[in-house]
Protein chains: 2
Amino acid sequence: MVTAMPDHTTDRPGRSRTGRPRSAEADAAILGATREALVELGWSKLTLGDVATRAGVAKTTLYRRWAGKNELVVDAVAELFDELELPDRGSLAADVEGVVLQFAALLARPETRTALMAVVAESTGDEALRARIRSSIVDRQKRLVLQGRQRAQERGELPRENDPETAARTADLIFDVVAGAVVHRSLVSCEPVDAQWAHSFTALLLGGLTEAART
Amino acid sequence: MVTAMPDHTTDRPGRSRTGRPRSAEADAAILGATREALVELGWSKLTLGDVATRAGVAKTTLYRRWAGKNELVVDAVAELFDELELPDRGSLAADVEGVVLQFAALLARPETRTALMAVVAESTGDEALRARIRSSIVDRQKRLVLQGRQRAQERGELPRENDPETAARTADLIFDVVAGAVVHRSLVSCEPVDAQWAHSFTALLLGGLTEAART
DNA sequence: CGATATACGCTACGACTCGTAGCGAAAGCT
DNA sequence: AGCTTTCGCTACGAGTCGTAGCGTATATCG
């Protein structure tokens with residue numbers, strides 16, 4: 001799931017092939033410095049000037065590539081979410097528990113905690129930013145739900161869907177429940193997402209799914 | 001659930017009874033102005049000077065009462081959450097659907113959307129702020145879960161718990177699932193929490209609960 | 001009533017960040 | 001070579017921050 005062209009760049013005139021190309025190392029250094037500064041300073045105290053200094057680039061270079069703090073942080077965090085995988089653990093319950101714990105581990109990292117919530121908050125009044133978050137972060141992770149369901153259906157643990165529209169709605173519901181519960185547990189309630197919690201949660205979720213499939 | 005003493009005030013020396021008391025009207029004006037400014041400007045562009053102007057008070061008055069933007073916004077938003085109620089609709093499913101829709105309506109208001117996420121984001125690096133959020137907002141709403149379960153047990157829809165520790169864990173789990181799913185659906189996925197979704201979600205949740213109770 | 005104590009409005013201040021403009025130099029492509 | 005774009009650097013006005021100082025307003029206490 002790699003974008004062929006870096007999507008963070010603002011309008012580049014015609015994607016011309018002449019002239020000095022942008023430094024890829026600078027890109028990596030900036031995104032890394034952003035995550036680092038986010039951990040130390042938090043969202044509100046994060047300044048682009050500081051990021052530029054840490055990355056070893058000029059402040060103007062930052063403004064040439066990103067429109068502002070929001071866009072920069074979205075790109076800096078989006079990279080982290082691509083780590084999530086869905087290894088086949090043999091059963092639907094084990095798969096769900098595994099991805100829950102993976103997601104929790106990702107949210108336990110300070111840069112993820114801070115950045116994710118801050119950007120979502122900022123996006124409530126900015127439609128363009130919201131769209132960027134959805135395409136860069138949220139929608140990419142829905143693949144985990146679809147993948148897990150397909151595996152479960154192949155194993156016979158879940159019935160195959162007849163109506164594709166219902167199937168899509170159910171997938172969305174599951175995605176919101178899983179992601180929402182884990183985020184709320186770890187960031188709002190500030191309680192650990194350990195193996196015990198993951199087990200209880202999985203039991204609740206799968207119980208609800210099989211119960212619903214029965215009717 | 002009204003606190004006898006305003007809890008937002010920073011250290012007041014001995015709560016002495018002499019001298020001019022703080023204006024309660026100013027308090028209300030400031031908190032209202034904060035919510036208003038939050039809607040128009042968003043979190044990052046919200047300035048305390050602007051809030052002071054809108055509220056018709058001096059900027060210094062703001063700094064005398066609140067330590068900073070975070071604390072002010074937490075108090076401004078905490079008031080909104082006290083609206084949530086759990087009217088008795090006759091069945092557990094109806095009660096859950098009702099509170100889900102209420103919560104969604106609260107999150108649909110722009111000031112709530114913006115403020116809640118922003119404050120949570122800021123709190124990831126600030127233990128004092130985290131504690132303030134929990135006591136002012138989160139923990140207060142857990143009453144809804146406890147209340148709903150008690151009613152369901154009285155109706156015979158749910159079995160009574162034997163182990164109080166397990167009961168507490170289950171309540172926490174339900175709280176995180178409900179609040180997390182609704183927040184994620186409306187703020188991250190940006191999809192409406194309508195009657196249909198609330199119905200599907202309730203079926204999933206209650207299905208999981210009865211299934212889990214069976215084993 | 002006067003004395004005391006606190007809150008309030010107002011102004012001013014240094015420090016900081018913002019986002020942009022302008023320049024010369026560097027680095028690629030034809 | 002010549003052209004094009006990026007990069008680092010410096011400087012700038014605008015805006016915000018949080019605080020200090022001062023005079024005034026409003027409460028309780030003796």
Side-chain angles (χ1 to χ4, degrees), chain A residues 5-6 8-34 37-38 40-73 118 122 126 128-129, chain B residues 5-6 8-31 33-34 37-38 40-73 75 118 122 126 128-129:
Chain A
M5 196 164 44
H8 62 268
T9 53
T10 58
D11 53 326
R12 228 190 299 200
R15 187 68 191 107
S16 54
R17 288 185 287 136
T18 170
R20 175 177 177 178
R22 290 188 169 170
S23 163
E25 294 143 16
D27 250 64
I30 291 172
L31 294 177
T34 303
L38 214 44
E40 292 180 22
L41 305 173
W43 168 267
S44 64
K45 292 179 183 170
L46 175 78
T47 70
L48 294 196
D50 191 7
V51 171
T53 305
R54 289 170 190 261
V57 301
K59 191 175 63 163
T60 44
T61 300
L62 270 175
Y63 283 101
R64 287 189 188 107
R65 304 192 185 194
W66 285 276
K69 200 201 266 194
N70 294 333
E71 290 77 7
L72 172 61
V73 174
E122 214 63 35
D126 185 338
L129 183 60
Chain B
M5 196 165 42
H8 62 269
T9 52
T10 58
D11 52 327
R12 229 190 299 201
R15 188 68 192 107
S16 53
R17 287 185 289 137
T18 170
R20 177 178 176 178
R22 290 186 169 172
S23 163
E25 295 143 15
D27 251 64
I30 292 172
L31 293 178
T34 302
L38 214 43
E40 291 181 21
L41 305 173
W43 167 266
S44 64
K45 291 177 183 171
L46 176 78
T47 70
L48 294 196
D50 191 6
V51 171
T53 305
R54 289 169 190 261
V57 301
K59 192 175 63 163
T60 44
T61 299
L62 271 175
Y63 283 102
R64 287 189 187 106
R65 302 192 185 196
W66 285 277
K69 199 201 269 193
N70 294 333
E71 289 76 7
L72 173 62
V73 174
D75 286 351
E122 215 62 37
D126 185 339
L129 182 60

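Both backbone and side-chain heavy atoms feed into the values below; hydrogens, waters and symmetry mates do not. Chain naming here is simple, since letters A, B, ... match the order of the sequence lines and numbering starts at 1 in each.
- Between B:Leu72 and B:Lys69, the closest side-chain pair of non-hydrogen atoms is not below 4.5 Å.
- Nearest-nucleotide mapping onto DNA chain C: of B:Ala26 and A:Lys69, the residue sitting toward the 5' end is B:Ala26.
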Legend entry - Verdict with supporting geometry, A:Leu48 and A:Trp66, side chain to side chain contact (heavy atoms under 4.5 Å, CB included): CA-CA 10 Å; A:Leu48 294 196; A:Trp66 285 276; over 6 Å; no
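- B:Lys45 has its NZ atom 18 Å from the C1' atom of D:dC17, to the nearest Å.
- In this structure, CD1 of B:Ile30 is placed 12 Å from C1' of C:dA7, rounded to the nearest angstrom.
- Atoms CG (A:Leu62) and P (D:dT6) sit 15 Å apart, rounded to a whole Å.
- Regarding A:Leu72, its CG atom lies at a distance of 15 Å from the C1' atom of C:dG19, rounded to whole Å.
- Taking atom NZ of B:Lys59 as the reference point, atom P of C:dC13 lies 14 Å away to the nearest angstrom.
- Of the two residues near DNA chain C, B:Ala58 and B:Gly19, the one whose nearest nucleotide lies more 5' is B:Gly19.
- Going from atom CH2 of A:Trp66 over to atom C1' of C:dT20 covers 18 Å, rounded to whole Å.
- Judged by distance alone, with hydrogens and angles left aside, A:Arg20 brings a side-chain donor or acceptor within reach of the base of D:dT6, the pair sitting under 3.5 Å.
- Between the P atom of C:dG19 and the CD atom of A:Glu71 lies a distance of 10 Å, rounded to the nearest Å.
- The base of C:dC10 lies close enough to the side chain of B:Thr60 for a donor and an acceptor atom to sit less than 3.5 Å apart.
- The structure places OG1 of B:Thr34 at 9.5 Å from CG of B:Asp75, a figure rounded to the nearest 0.5 Å.
- Atom P of nucleotide D:dT16 and atom CG of B:Leu41 are separated by 10 Å, given to the nearest angstrom.
- Within 3.5 Å, no donor on the side chain of B:Arg22 pairs with an acceptor on the base of C:dA7, nor the reverse.
- The base of C:dG19 has none of its N or O atoms less than 3.5 Å from a complementary donor or acceptor on the side chain of A:Arg64.
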